[in-house]
Number of protein chains: 2
Amino acid sequence: MKPEHLHGTEDCRAVSQILQRIGDKWSLLVVRRLGDGPMRFNELRRAIGGISQKMLTTTLRTLERDGFVTRTIFATVPPRVDYELTDLGRELEIPVKGLAEWAIVNSGRINEARRRFDGENAA
Amino acid sequence: MKPEHLHGTEDCRAVSQILQRIGDKWSLLVVRRLGDGPMRFNELRRAIGGISQKMLTTTLRTLERDGFVTRTIFATVPPRVDYELTDLGRELEIPVKGLAEWAIVNSGRINEARRRFDGENAA
DNA sequence: CTGAATCCCCCAAGATACTG
DNA sequence: CAGTATCTTGGGGGATTCAG
């Protein structure tokens with residue numbers, strides 16, 4: 001590995017992978033919610049809103065596989081499953097938060113650029 | 001603009017939008033390349049590698065629409081088109097770079113988590 | 001309550017061919 | 001050189017149903 005610069009195409013693709021990974025439709029919303037503490041399946045489902053059962057399951061499985069959340073099963077009746085952020089998941093929130101703040105601050109500029117672009121194109 | 005805390009679901013969705021926007025297959029690679037300076041279409045195409053003509057066009061158009069890159073046409077023969085990052089595009093690189101460094105540093109932990117998860121599942 | 005399994009739709013994305 | 005137009009496909013994502 002070259003310590004001099006991390007600007008290689010390889011690194012860039014790795015970053016793109018991660019970004020695609022957490023940039024899907026639901027992952028970030030789930031992670032954000034779990035940032036407030038452990039939650040159960042349907043609790044999470046209601047909190048997010050608009051997510052199907054299947055997608056929540058899929059999203060949680062992938063997050064678990066990547067080591068961002070843990071899944072704890074309580075063998076009770078009715079069954080209960082808690083999801084919680086791992087250390088890795090919590091650390092992820094730091095750079096994501098940076099991007100989040102940027103996005104919120106600059107969303108106006110982006111929307112303005114879009115309006116201008118669409119306006120020129122329509123005319 | 002809102003000076004309050006940014007923990008609302010609305011904000012979170014906005015962030016998710018942005019992440020999906022730049023988290024697609026090619027946008028980040030294009031932005032990264034343009035970070036080194038203006039480039040022409042095919043120059044960019046060769047530099048990235050593996051991207052089809054259509055996808056590069058689409059990606060560049062979207063980035064232009066969102067105000068991240070500019071498109072400059074030189075009415076010469078043969079035609080020449082330069083793409084260049086805007087200020088907004090360059091500012092975007094800052095938080096993205098934070099995420100990039102995190103991704104590179106922690107990619108090992110993610111891969112390890114995946115191997116462990118897949119191992120348990122296979123066994 | 002917490003999922004797994006199935007069906008289905010739509011669109012991102014690639015391949016190919018053509019144009020200014 | 002820098003695109004546009006058209007066709008095709010893989011998979012993301014939703015609705016529904018079944019199971020432990």
Side-chain angles (χ1 to χ4, degrees), chain A residues 13 16-31 33-34 38-66 69-84 117-118 120-122, chain B residues 12-13 16-31 33-34 37-66 69-84 117-118 120-122:
Chain A
R13 293 201 189 263
S16 194
Q17 303 284 355
I18 299 285
L19 224 53
Q20 286 183 65
R21 168 66 201 78
I22 63 170
D24 67 3
K25 196 169 183 178
W26 301 109
S27 290
L28 203 70
L29 297 175
V30 170
V31 170
R33 278 295 167 180
L34 291 180
M39 290 183 92
R40 301 180 59 179
F41 187 86
N42 276 337
E43 196 180 359
L44 204 45
R45 181 151 147 69
R46 281 188 303 271
I48 294 175
I51 186 172
S52 70
Q53 216 169 31
K54 174 189 166 183
M55 288 317 298
L56 182 53
T57 299
T58 304
T59 302
L60 285 169
R61 279 295 177 287
T62 310
L63 289 174
E64 187 193 358
R65 185 173 108 96
D66 290 346
V69 308
T70 56
R71 182 166 171 260
T72 309
I73 306 174
F74 299 92
T76 58
V77 177
R80 169 193 177 126
V81 180
D82 273 17
Y83 293 91
E84 186 173 10
F117 185 89
D118 294 345
E120 289 173 0
N121 212 336
Chain B
C12 209
R13 293 202 189 263
S16 195
Q17 303 284 356
I18 298 285
L19 261 185
Q20 285 183 65
R21 164 82 57 217
I22 63 169
D24 68 3
K25 197 168 183 181
W26 301 108
S27 290
L28 200 68
L29 297 175
V30 170
V31 169
R33 278 294 167 180
L34 290 179
M39 290 183 92
R40 301 179 60 176
F41 187 86
N42 278 336
E43 195 179 2
L44 205 45
R45 181 152 147 70
R46 280 188 303 271
I48 293 174
I51 186 172
S52 69
Q53 213 170 32
K54 176 188 165 184
M55 287 316 298
L56 182 53
T57 300
T58 303
T59 301
L60 285 168
R61 281 294 180 286
T62 308
L63 289 174
E64 187 193 358
R65 184 173 108 98
D66 290 346
V69 309
T70 56
R71 181 165 172 264
T72 310
I73 306 173
F74 300 91
T76 58
V77 177
R80 169 192 177 127
V81 181
D82 273 16
Y83 292 93
E84 185 173 11
F117 185 88
D118 293 344
E120 289 173 358
N121 214 334

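What you see below is based on every heavy atom in this structure, not just the backbone, and it leaves out hydrogens, waters and symmetry mates.
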Revision key, fill the gap. CG (A/Asp118) and CD (A/Glu120) are apart, to the nearest 0.5 Å, by 9.5 Å
Please list every donor-acceptor pair under 3.5 Å in which a side-chain atom of residues 72-81 of chain A meets a protein atom from a residue at least two apart or in another chain.
{"residue": "A/Thr76", "atom": "OG1", "partner": "A/Pro78", "partner atom": "O", "Å": "2.8"}
{"residue": "A/Arg80", "atom": "NE", "partner": "A/Asp82", "partner atom": "OD1", "Å": "3.2"}
{"residue": "A/Arg80", "atom": "NH2", "partner": "A/Asp82", "partner atom": "OD2", "Å": "3.4"}

**Study point:** Evaluation steps, side-chain contact (heavy atoms from CB on, under 4.5 Å), between A/Val69 and A/Leu34
**Key:** CA-CA 9 Å; A/Val69 308; A/Leu34 291 180; 3.7 Å; yes
**Study point:** Side chains of B/Leu60 and B/Arg71 in contact at under 4.5 Å (non-hydrogen atoms)
**Key:** no
Exercise for review: Could you state the atom-to-atom distance from CZ of A/Arg71 to P of C/dT2 in whole Å?
Suggested key: 11 Å
Practice item. Answer with base, sugar-phosphate or nothing: what part of the nucleic acid does A/Arg45 contact at a heavy-atom distance below 4.0 Å? Key: nothing
Study note, to complete from the structure: Per-helix bend value, the helix from C/dC1-D/dG20 to C/dG20-D/dC1, C1' rotation axes over five pairs per end, 10° rounding, shows 40°
Check your understanding: Considering heavy-atom distances to DNA chain C, does B/Trp26 or A/Pro78 have its closest nucleotide positioned more toward the 5' end?
Key -> A/Pro78
Study note, to complete from the structure: Residue pairs passing the side chain to side chain donor-acceptor pair (under 3.5 Å) test with at least one member in residues 22-31 of chain B, sequence neighbours excluded, are B/Asp24-B/Ser27
Review point. Who are the side chain to side chain contact (heavy atoms under 4.5 Å, CB included) partners of B/Glu84, not counting sequence neighbours?
Key: B/Pro38, B/Thr70
List the atom pairs, donor and acceptor, that lie under 3.5 Å between side-chain atoms in residues 39-50 of chain A and the rest of the protein, sequence neighbours left out.
{"residue": "A/Glu43", "atom": "OE1", "partner": "A/Arg40", "partner atom": "N", "Å": "3.0"}
{"residue": "A/Arg45", "atom": "NH1", "partner": "A/Ile51", "partner atom": "O", "Å": "2.3"}

Exercise for review: Identify the 5'-most and 3'-most nucleotides of DNA chain D with at least one atom closer than 4.0 Å to a non-hydrogen atom of chain A.
Suggested key: D/dG13 to D/dG20
Review point. Roughly, in whole Å, what's the span from NZ in A/Lys25 to P in C/dC11?
Key: 12 Å
Practice item. Determine, step by step, whether A/Ile22 and A/Val31 satisfy the side-chain contact (heavy atoms from CB on, under 4.5 Å) criterion, reporting the C-alpha distance in whole Å, the side-chain angles of both residues, the deciding distance to 0.1 Å, and the verdict. Key: CA-CA 9 Å; A/Ile22 63 170; A/Val31 170; over 6 Å; no
Check your understanding: Please give, in whole Å, the distance from C/dC1 P to A/Leu44 CG?
Key -> 14 Å
**Study point:** Reported CZ-to-CG distance for the pair A/Arg21 and A/Leu19, which is rounded to 0.5 angstrom
**Key:** 11.5 Å
Point to revise | Of all pairs that satisfy side chain to side chain donor-acceptor pair (under 3.5 Å), the ones with a partner from residues 48-62 of chain B, not counting sequence neighbours | key: none
Exercise for review: Calculate the interatomic distance between A/Asn42 atom CG and C/dG3 atom P; express it in whole Å.
Suggested key: 9 Å
Using a cut-off of under 3.5 Å, enumerate the N/O to N/O pairs linking the protein to nucleotides 15-20 of chain C.
none

Check your understanding: Taking only N and O in the side chain of A/Arg40, is any of them less than 4.0 Å away from OP1 or OP2 of C/dC1?
Key -> no
Check your understanding: If you look at every strand shown and take non-hydrogen atoms under 4.0 Å, does B/Phe74 touch a base, only sugar-phosphate, or nothing?
Key -> nothing
Check your understanding: Looking at OG of A/Ser16 and CG of B/Leu29, how far apart are the two atoms once the value is rounded to the nearest 0.5 Å?
Key -> 4.5 Å
